[in-house]
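Structure record follows, encoded as structure tokens.
Below, chains carry the letters A, B, ... as their sequence lines are ordered, and counting in each starts from 1.
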Amino acid sequence: MKQSVTGLIKSILEEAKTNGLLRFETLPLIPVEAPKEKSHGDIATSIALALAPREGKRPLEIAKIILKGLEGKDIDFEKVEIAGPGFINFTFRKEYWHEILNDVLKKGETYGRSELGKGIDVNVEFVSANPTGPLHIGHGRGAALGDALSNLLQTAGYKIQREYYINDTGTQMETLGRSLWIRLLQLHNQNVSLPENHYQGEYIKGIAREMVTTRRLDEIIKITKARDFFDLSKMPEEEVIPFFTDYAKESILKGIREDLERFGVRYGRWFSEKSLYEDGKVDSVLSEIKERGFLYERDGALWLETTRFGDDKDRVVRRKTERYTYFASDIAYNNNKFNRGFKRVIDIWGADHHGYVPRMKAVIQALGNAPETLNILLVQLVTLLKEGKPVAMSTRAGEFVTLKEVIDEVGVDAARYIFLTRRHDSHLEFDLEVARRQSSENPVYYVQYAHARIASLFRETAVRGIILPETVDTGLLNLPEELDLIKDIANYPEVIEGSALSLEPHRITYYLHGLASRLHSYYYKYRVITDNLELTYARLFLLKSLGIVIKNALKILGVSAPEKM
RNA sequence: GCGCCUGUAGCUCAGUUGGAUAGAGCAACUGCCUUCUAAGCAGUAGGCCAGGGGUUCGAAUCCCUUCAGGCGCGCCA
């Protein structure tokens, strides 16, 4: 609808130019929007205001020219009027709105989908927490955002691959393995203490005990040809630690997988950093970049010239010690994504990594891609409130509230919904008590309740033997509240496109809230099932459409749409 | 010191990419269940959009600057 109004105005302006009424050289962008004030019609444009200074005319004059040009056109609005300083407000005929419902019911769960993405392959990488400990609440936010964004983009017609990058190599993995090894030594009453920079969390002790009960430890003793545990503990560290690194990594990763699965997140691929080295991808990408002339040696180390692309200093990819930095595999990973055919790459990071954005953007360009092909969304950290007080969290010290605990306490729906009520770069306070409460304080129930109410209504009509016919007279829906609801419904595809373009799924939660609010109000004020059967049909038709939209939107957020509450 | 993010109602946050009179939830106060679900509805009150300057028909939104808070600035991971 917007497009047709835009096109209409455009042609009128061009006609006015040929008639000598206007003299612009190039047409400016024609701003068209839905006004927030109802009396301003359904759609409005400020083009007359924008054009006025260039034309040397008053905005009202230009608005009148446009209005005049409209007269001969074959589009029927209920009303077109000039308002305020020169806005032109269009009001559609009611028939236009009434038509919408048929479309919604016909499309059902596909209502809201669009071709915006044109099947473009997009890689969405999110969470990617190091397998050194369980997921905490901050990861939950990234998970909710990444998954909802993926759903959203799919709805908007993109082809999405969800991906998790596993940092399963490097010194931190050794540290992890050593942490486990030391816990095992302690378990066998050996007097060793865990260094401060190692992983202190209780979960490492749990893994140690697990290794004993599952007999995995015995197997390792056998493989290393040690006689017993004591013998094993005398062996050189570098020979035994890889076993523990592997076990710890697998065990933790298994937990991460389970948590995410339970949270409703399924990845298309779990990508191992280690595999990049094993497949020679790191070496090959570096030599490729070297050919392009962006690599150089200095002080015995190998550097990527990221300053060529706006970074404030160049970055080391291989240390003097010959060991690669994490940056090196990051380059290979990004290159790999594009080599797999993704046209666009979206990364979701914790905001504490924002300093890495310029260098990754540089990498993209050094690889010969446009910087816009990489979107990095920074998620602000979550402040967890328990009994109204913030809970301090530190991963290394092993002091944190895990995602699992949060889900156990508040449930998946509430957790996901709350994470998605904020823009990604806005701070988020997560109040455990509020999230747990099954009351109006909890926004998720407000929306779910709207859906349950509609479902309940249809259970009631079934009992009463009222069966909704395939076609109904939607022209009976003339209450202002009914038209507002229809306009909300009609607006849904635009909300999807807007959210998809801006990568902001939180807009959907706000949209849903407004929708639910108008439904609750309508539901309270009017009765759907009345003595007038035709009217009852029409209202049921409206509510059925509404239920469809709520369900579709909740599905994008990854929140269930209950039939009963 | 340099860079990034944030600053909107008592609290938590939206604000459709520069539009018309700045919104919602919570908290506070007043009402509404003999009705298809009260996890709901109706209403009252609450604002120097951190401060200052600029850009223009028009700014919470863009630019400059000051202040406040958070984060980041390694051949760490």
When you get a sec, tell me which of B:U12, B:C71, B:C75 is the closest nucleotide to the side chain of A:Arg422?
B:U12
For B:U12 and A:Thr421 - does any side-chain N or O of the residue sit under 4.0 Å from the phosphate oxygens OP1/OP2?
no
Could you check which of B:C36, B:G74, B:G15 has an atom nearest any side-chain atom of A:Lys313?
B:G74
Taking atom types as they are modelled, would you say the side chain of A:His513 forms a donor-acceptor pair with the base of B:G25 within the 3.5 Å cutoff?
no
Phosphate oxygens OP1/OP2 of B:C41: is one of them under 4.0 Å from a side-chain N or O of A:Tyr446?
yes
Is there a donor-acceptor contact under 3.5 Å linking the side chains of A:Gln172 and A:Asn130?
yes
Anti/syn call for B:U65, syn if |chi| within 90°
anti
Out of B:G40, B:C73, B:A38, which nucleotide sits closest to the side chain of A:His520?
B:G40
What interatomic distance, in whole Å, is found between C1' of B:U66 and the corresponding atom of B:A28?
36 Å
Whole-Å distance separating the CD atom of A:Gln380 from the P atom of B:G70
13 Å
For the C1' atoms, the ones on B:U44 and on B:U8, what distance do you get once it is rounded to whole angstrom?
22 Å
Looking only at atom P, what distance separates B:C64 and B:C5, rounded to whole Å?
11 Å
Figure out the NZ/C1' separation between A:Lys544 and B:C36, and round it to whole Å.
16 Å
Spacing of the P atoms in B:C67 and B:G52 (rounded, Å):
15 Å
Can a donor-acceptor pair be found, under 3.5 Å and without considering hydrogens, that links the side chain of A:Tyr417 to the backbone of A:Thr509?
yes
Counting distance only, does the side-chain N/O of A:Gln448 pair as donor-acceptor with the main-chain N or O of A:Ser560 below 3.5 Å?
yes
Counting any heavy atom closer than 4.0 Å, what does A:Thr325 reach on the DNA or RNA strands: base, sugar-phosphate only, or nothing?
nothing
The nucleotide from B:G19, B:A39, B:C36 with an atom nearest the side chain of A:Ser46 is B:G19
5'-most contact on RNA chain B: A:Arg423 or A:Gly355, nearest heavy atom basis?
A:Arg423
If you measure from the P atom in B:A60 to the same atom in B:G54, how many Å do you get, rounded?
15 Å
In whole Å, what is the span from the CZ atom of A:Arg359 to the C1' atom of B:G72?
10 Å
Looking at B:U35, does its base get a donor-acceptor pair with the side chain of A:Arg527 below 3.5 Å?
yes
Is a donor from one side chain sitting under 3.5 angstrom from an acceptor on the other, for A:Asp314 and A:Tyr296?
yes
What I want to check is whether an N or O donor and acceptor connect the side chain of A:Tyr356 with the base of B:C76 at under 3.5 Å.
yes
Does A:Arg315 have a side-chain nitrogen or oxygen under 4.0 Å from the phosphate oxygens OP1 or OP2 of B:G74?
no
Do any side-chain nitrogens or oxygens of A:Lys36 fall under 4.0 Å of OP1 or OP2 in B:A20?
yes
Measure from the side chain of A:Tyr510, starting at C-beta and using heavy atoms only, and say which of B:U21, B:C36, B:C13 lies closest.
B:C13
In whole Å, I'd like the distance from the CD atom of A:Gln448 to the P atom of B:G40.
12 Å
Within the side chain of A:Ser179, is there an N or O that forms a donor-acceptor pair under 3.5 Å with the backbone of A:Gln200?
no
Can you tell which of B:C41, B:C71, B:A20 lies closest to the side chain of A:His40?
B:A20
Expressed in whole Å, how much space separates the P atoms belonging to B:A59 and B:C49?
13 Å
Nearest-Å distance once atom C1' is located in both B:G7 and B:A50
6 Å
Does A:Ser46 use its side chain to pair, donor to acceptor, with the backbone of A:Leu49 at less than 3.5 Å?
no
Decide, yes or no, whether a salt bridge links A:Arg436 with A:Glu433 under the criterion of side-chain N to carboxylate O below 4.0 Å.
yes
Can a side chain N or O of A:Arg298 be found less than 4.0 Å away from OP1 or OP2 on B:C75?
no
Please work out if A:Ala44 contacts a base, only the sugar-phosphate, or nothing of the nucleic acid, heavy-atom cut-off 4.0 Å.
base
Distance between P atoms of B:A24 and B:C41 (Å, rounded):
13 Å
Below 4.0 angstrom from OP1 or OP2 of B:C71, is there any side-chain N or O of A:His427?
no
For the side chain of A:Asp352, starting at C-beta, report the closest nucleotide among B:C36, B:A42, B:C71.
B:C71
Using only heavy-atom distances, determine whether the side chains of A:Thr171 and A:Arg323 contain a donor-acceptor pair under 3.5 Å.
no
Does the side chain of A:Arg539 get closer than 4.0 angstrom to OP1 or OP2 of B:C36 through an N or O atom?
no
Closest to the side chain of A:Ala301, out of B:C13, B:G74, B:C75, is B:C75
Base orientation of B:C73, chi within 90° of 0 counted as syn, else anti, reads anti
Rounded to whole Å, the CG-P distance (A:Asp431 to B:C11) equals 16 Å
Answer with base, sugar-phosphate or nothing: what part of the nucleic acid does A:Ser502 contact at a heavy-atom distance below 4.0 Å?
base
Rounded distance in Å - CG (A:Leu515) to P (B:A14)
21 Å
Can you measure A:Leu49 atom CG to B:U56 atom C1' for me and round it to whole angstrom units?
12 Å
Distance in angstrom units between A:Phe87 CZ and B:C57 C1', rounded
10 Å
Taking the minimum atom-to-atom distance to the side chain of A:Pro53, which one of B:U37, B:C57, B:U17 wins?
B:C57
Classify the nucleic acid contact of A:Asn89 as base, sugar-phosphate or nothing, counting any heavy atom under 4.0 Å across all strands shown.
base
Choosing from B:C36, B:C41, B:A20, which nucleotide comes nearest the side chain of A:Tyr524?
B:C41
Could you tell me if A:Glu482 and A:Tyr522 have a donor-acceptor pair between their side chains, going purely by distance under 3.5 Å?
yes
